[in-house]
Amino acid sequence: MKTEKTDDGTPLETLAAPEKTSIGSFRSVLKNRSFLLLWLAQLLSQIAFNAANYGVIAIVTVVTHSTIMVGLAIISFTLPAVLFSLLAGVYVDYLDKRLVLWVSNASRAVATALIVLALLWNPHTVIPLYFLAFVISVISQFFTPAEASAIPLLVSKEDLVPALSLFNITLTIAQALGFLVLGGLVTALFPPFTLSLGFTTVMVQSFDMLFVIVTFVYVICTFLILAIPANAIQQEHTAGPDILRSFGKQAWDIVQHDVKETWVYIYKHPQLMLALLQVSFVSILLLVIGELAGPFVVNVLHLPVQDLPIIFAPAGVGLVLGGLLMPYLTQKLGKGRTIALGSLITAAVFVLIPVGRFILSHFAIPTPVILIYVSAMTFIIGVALDMINIPAQTVMQEQAPEEERGRVFSFQSVFYNAGSIPILLFAGVIADNLGIETVLYILAASILGFRWWASHYSHTPFIP
């Protein structure tokens, strides 16, 4: 029986496991040596990728003090998902997965090493940083579908559900460890120092060491993939370079056909359309928060950029805690009420951050106390965004048919990445000209406006 695949080559059975099957365990999949090597490579590479993104945002914040320049930095590693993700998924279907995985990690190691050289050569320019972050993200568009496609080839059908669950759990942990822990930890442990090379002397900054460590992590990931036996990742077909060159136009035709077909289906199903927009809306909000956080710490609170994780960490804890609470909350309130309440709480907190900071500053409250207050607010935002995102994702799973589900989620990813670019630029311009806190008020109004539109679109009350 032929296995249906999504645009990125992931078998649909990996996205929706059959209802009647014997389920394996985490212990059994971790005893699978080839899977264990792939899982470790995923965990380490995701930590490295997120730590590098933290480094890019922090360096741009320190060098430019400009929110719009931070927005451009985020765009540099989100734009490739718009331009290449669907096309890369089609190509990966015809490539050897093990080859794609180790070449991707090796290539990202080289690109990250070039970031180190660029920073040592001129630590006051961000142009090479933008370009190399873009290149690394392009490479990642091939790594991700190849990794997803390799999982069902390495494990039995009984072990597929725990294998996918393990990958999803470690993806969240890797984001927290990379962005919140490793980035801040390395910059704290490695103060600037002078390195003598005989013919010249260079000043090595904390962020330079962060990218050195990321480079070595990618090298380790390369060897982990190479340690997987070549015959372990079996696949039905591969293509050589000549076939792939001739496949270019065909791949683009497939992408165009699938995008059009998926859009028509989504447009004809209003509940699915609304859920897709809600999930995309939350994802864009998270990117805007990432854009504003660094300049807020440096320009508003007048603290060093190394304090950035103090704002990000509570938001991450809130997202994890919210994920644990959502099954209970949606059972008690229903998905519609949970989404509505999450929207109102998020809008309220975006107002409370600048209002609370102003009041505390007016009474001469010390800046560290204000930072703790802002951190508490970001924790609440993390939980509230889960109240929108998780029920909306559940609706997407319920409304999308099994044979379309992979393409619906791929379409949502492209949609949110494409939509984030103008919003990040707009938020950056407003922040640089009218202040970061003005953007927070605009975000609150936008959330309420989106909630009002959603209630009319779905013919439900503003607060169900």
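Note that the structure is a prediction, hence the values are computed from the model and not measured.
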Heavy-atom distance under 4.5 Å between the side chains of [X] and [Y], does that happen here?
| X | Y | value |
| --- | --- | --- |
| V217 | S45 | no |
| I115 | I136 | yes |
| E437 | F296 | yes |
| T438 | I430 | yes |
| T215 | V212 | no |
| L443 | I289 | no |
| I381 | I353 | yes |
| F131 | I127 | no |

What's the spacing between [X] [atom1] and [Y] [atom2] if we round to 0.5 Å?
| X | Y | atom1 | atom2 | answer |
| --- | --- | --- | --- | --- |
| S107 | F143 | OG | CZ | 11.5 Å |
| F211 | T112 | CZ | OG1 | 7.5 Å |
| L37 | L154 | CG | CG | 9.5 Å |
| L285 | F450 | CG | CZ | 9.5 Å |
| L277 | I266 | CG | CD1 | 9.0 Å |
| L44 | W39 | CG | CH2 | 9.0 Å |

Between the main-chain N or O of [Y] and the side-chain N or O of [X], is there a donor-acceptor pair closer than 3.5 Å?
| X | Y | result |
| --- | --- | --- |
| T125 | N122 | no |
| S137 | A133 | no |
| R98 | I228 | yes |
| N389 | L385 | no |
| D432 | I68 | yes |

Quiz prompt | L132/V56 under side-chain contact (heavy atoms from CB on, under 4.5 Å): CA gap, chis, key distance, verdict | solution = CA-CA 10 Å; L132 292 168; V56 170; over 6 Å; no
Quiz item: Taking only residues two or more places apart in sequence, or in another chain, which ones meet L287 in a side-chain contact (heavy atoms from CB on, under 4.5 Å)?
Solution: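 I74, T78, Y416, S420, L424.
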State, to 0.1 Å, how close [X] and [Y] come at their nearest heavy-atom pair, and which atoms those are.
| X | Y | value |
| --- | --- | --- |
| I139 | R108 | CG2-CG, 3.7 Å |
| V439 | A427 | CG2-O, 3.6 Å |
| A392 | A275 | O-CB, 3.4 Å |
| G419 | I284 | C-CD1, 4.0 Å |
| A41 | C221 | O-SG, 3.5 Å |
| T378 | P314 | OG1-CB, 3.6 Å |

Exercise. Find out whether the Lys NZ or Arg CZ of R357 is both under 6.0 angstrom from the six-membered ring centre of Y373 and within 45° of the ring's axis.
Key: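 Cation-pi check for R357 and Y373: fails.
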Quiz prompt | Stepwise side-chain contact (heavy atoms from CB on, under 4.5 Å) check, L272 with L276 | solution = CA-CA 6 Å; L272 180 57; L276 183 148; 5.5 Å; no
Quiz item: Just one of T67, L425, L72, I57 clears the side-chain contact (heavy atoms from CB on, under 4.5 Å) bar with E291, so which one?
Solution: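 The passing option is T67.
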Quiz item: Quick one: ring pair (Phe, Tyr, Trp, His ring centres under 6.0 Å) partners of Y130, sequence neighbours excluded?
Solution: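 Ring pair (Phe, Tyr, Trp, His ring centres under 6.0 Å) check on Y130 returns nothing, list empty.
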Exercise. Begin from the C-alpha positions of F350 and Y441 and carry the test ring pair (Phe, Tyr, Trp, His ring centres under 6.0 Å) through to its verdict.
Key: CA-CA 7 Å; F350 275 127; Y441 291 125; over 10 Å; no
Quiz item: Stepwise, does the side-chain contact (heavy atoms from CB on, under 4.5 Å) test hold for M69 with V126?
Solution: CA-CA 9 Å; M69 297 301 286; V126 295; 4.1 Å; yes
Exercise. Take V288 and I423 through the side-chain contact (heavy atoms from CB on, under 4.5 Å) test and state the conclusion after the steps.
Key: CA-CA 8 Å; V288 175; I423 293 174; 3.9 Å; yes
Quiz item: Between F77 and F49, what is the ring plane arrangement, given parallel below 30°, perpendicular above 60°, and tilted in between?
Solution: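 Rings of F77 and F49: perpendicular, over 60°.
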Quiz prompt | Residues, nucleotides or ligands: over 12 heavy atoms within 6.0 Å of F134 CZ | solution =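 Counting neighbours around CZ of F134, more than 12 heavy atoms of other residues, nucleotides or ligands fall under 6.0 Å, so yes.
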